[in-house]
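Some notes on the structure that comes next.
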Amino acid sequence: MTARTGLGPVELALLDAFDLLGADADGRRVRCSDVLTAVDQRHGIGPRYAWPVTVDLGVPWRVHLPLLDLYGNAGTQGGDPPADARYVEGRLSRVGALALAAERGEIDPVPLGLIEGSLYREGPVPPFAPHAVVGALLAGRDDCGPPVLPTGGTVEGDLAALLSGEPVRLRLGCTIRDEIERLVITEVPLGVDADRVVESITNRLHRYERGEGRALAYVRRTDADSAVLDVRDESSARDGMRIILQIERSTNVARVVSWLLGIWPVTIEVDARLPHPQPERLAGWDRGDGGGLRALADLLREPTI
Amino acid sequence: MAASRRSVELAAELSRLGAHAVVVGGVARLLRSGAGHPRDLDVVVAEPDVDALVSVLALLGARLSARALRLRQCVHVDTAWGPLDVFLGAAPASDEFDVAGVRLRVAA
């Protein structure tokens, strides 16, 4: 990881290639397949490896601050895969351009590594809220709060131990809202696709019993899940994620929520560890004269970021 | 619910529905000593029991390809109880444990 942004070498190679092909933040979009070809020629990193990284850098359900502005089918949070790179265009986002400028020494460092961590690429470092990290660095504070996932959802575990640099196991969970006669999942953890959540809940509503000397027979569970009448995904571009669980009017909602949280991947567990205690990470981050940090703070104030 | 408890529940569910597999790895250690926090379930299944395990997993909504298991000897499956790693091979020495009224074969 580079000290100036926290980006990995493949990520940096991709940003560099977009820029060299003229696809900077104010430029035209280029076909992602052309970028992948350039990365292969310059760095020997083939499209099979570089394409998933490209997508990760450009979708808001993987990172807080996408470094690429992708146009076309880059997949969905529901688990649909992206189209072939030939059919997706992209250019640097404003934050991506800032990161590249920081890497080239044109501006001072930008704390993307502190914000995004490495969990989005299945590393151990969880992400933190961009505004909280930038605010803490600007104010000289040594605390920027608990981890915050770009997808939303809950983060539970021994957070004090995590922030002091110890290895911990975090439990990442869906956000579940209690509406009238229904529960609504509005956010899923980082790395979890919504279709899988629906499928798992549906599977857990079934139960098969083997009677003595008899064949398997389907029966309805009689536990908390018997109060769940229906599961359906009503997610849309307008309303965002809405996985609806219709429940019986008189049911004990807390019991159903507890049952739900026992289902994988309504909750998942990840092993997490910060490379250093969080106060050291924040206090020790080399900001130069702070120009990169202030530029990022300005971008975060814009409503489109 | 912790992932370790979820994995134990999955083992019990497999056994209850008639799959013959031996629990190994972290869940076996947890059941024997109470130690560890496994995130997934590992089981060993013998060749004659593969098809039964495939059928049971299908009942649970999980897809395991018998052909893939025979080809690769080790297959990962995601279930509503969490991840499951299935190993094909001779069953290791095991003892029976009673978990929630179900007899589980747990590697020694």
Side-chain angles (χ1 to χ4, degrees), chain A residues 79 122 124 154 156-158 167-174 176 189 191-193 195-219 221 223-225 228 231 254-272, chain B residues 1-21 25-27 29-30 34-43 49 51-64 76-86 98-105:
Chain A
E122 297 193 0
T154 59
E156 296 175 354
D158 190 346
V168 299
R169 183 162 290 181
L170 296 179
R171 194 165 73 141
L172 314 181
C174 292
I176 303 171
V192 170
D193 74 64
D195 287 358
R196 181 73 228 198
V197 170
V198 174
E199 186 182 344
S200 281
I201 294 171
T202 305
N203 287 339
R204 289 286 285 268
L205 288 174
H206 297 166
R207 185 185 178 98
Y208 292 84
E209 295 285 359
R210 186 188 292 280
E212 206 53 48
R214 287 184 290 139
L216 282 166
Y218 167 76
V219 297
R221 278 182 184 262
D223 207 351
D225 49 353
V228 179
V231 183
R255 204 162 61 101
V256 179
V257 170
S258 173
W259 170 79
L260 260 181
L261 293 176
I263 296 174
W264 182 94
V266 176
T267 58
I268 60 171
E269 292 190 355
V270 297
D271 291 321
Chain B
M1 178 191 292
S4 50
R5 187 175 144 200
R6 204 153 54 187
S7 298
V8 172
E9 279 189 4
L10 174 58
E13 200 73 6
L14 293 175
S15 180
R16 195 174 60 79
L17 292 174
H20 296 288
V27 173
R29 189 160 58 108
L30 176 68
H37 304 281
R39 278 196 307 183
D40 62 4
L41 173 65
D42 300 323
V43 298
D49 299 321
D51 291 334
L53 178 64
V54 169
S55 299
V56 166
L57 282 169
L59 293 177
L60 299 180
R63 289 173 289 275
L64 170 66
H76 177 91
V77 186
D78 284 330
T79 77
W81 285 262
L84 167 70
D85 288 327
V86 182
D98 191 307
V99 176
V102 176
R103 303 297 291 174
L104 280 186
R105 291 171 63 202

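Basis for what follows: all heavy atoms, side chains included, without hydrogens, waters or symmetry-related copies. Chain identifiers are assigned alphabetically (A, B, ...) following the order of the sequence lines, protein sequences preceding nucleic acid strands; residue numbering begins at 1 within each chain.
Atom CD of residue A/Glu199 and atom OG1 of residue B/Thr79 lie 10.5 Å apart, to the nearest 0.5 angstrom.
A salt bridge between B/Arg5 and A/Glu269 is absent, with no side-chain N of the basic residue lying under 4.0 Å from a carboxylate O of the acidic one.
For the pair A/Asp271 and B/Arg39, the minimum side-chain heavy-atom distance is below 4.5 Å. Contact check for A/Ile263 versus B/Arg6: no side-chain heavy atoms found under the 4.5 Å cut-off. No side-chain heavy atom of A/Trp264 sits under 4.5 Å from any side-chain heavy atom of B/Leu10.
Heavy-atom contacts from other residues, nucleotides or ligands closer than 6.0 Å to CZ of B/Arg63 number 12 or fewer. More than 12 non-hydrogen atoms from other residues, nucleotides or ligands lie less than 6.0 angstrom from NE2 of B/His76.
In this structure, the portion of A/Ile268 lying under 4.5 Å from any heavy atom of chain B is its backbone and not its side chain.
Distance alone, capped at 3.5 Å, places no donor-acceptor pair between the A/Arg204 side chain and the B/Leu60 backbone.
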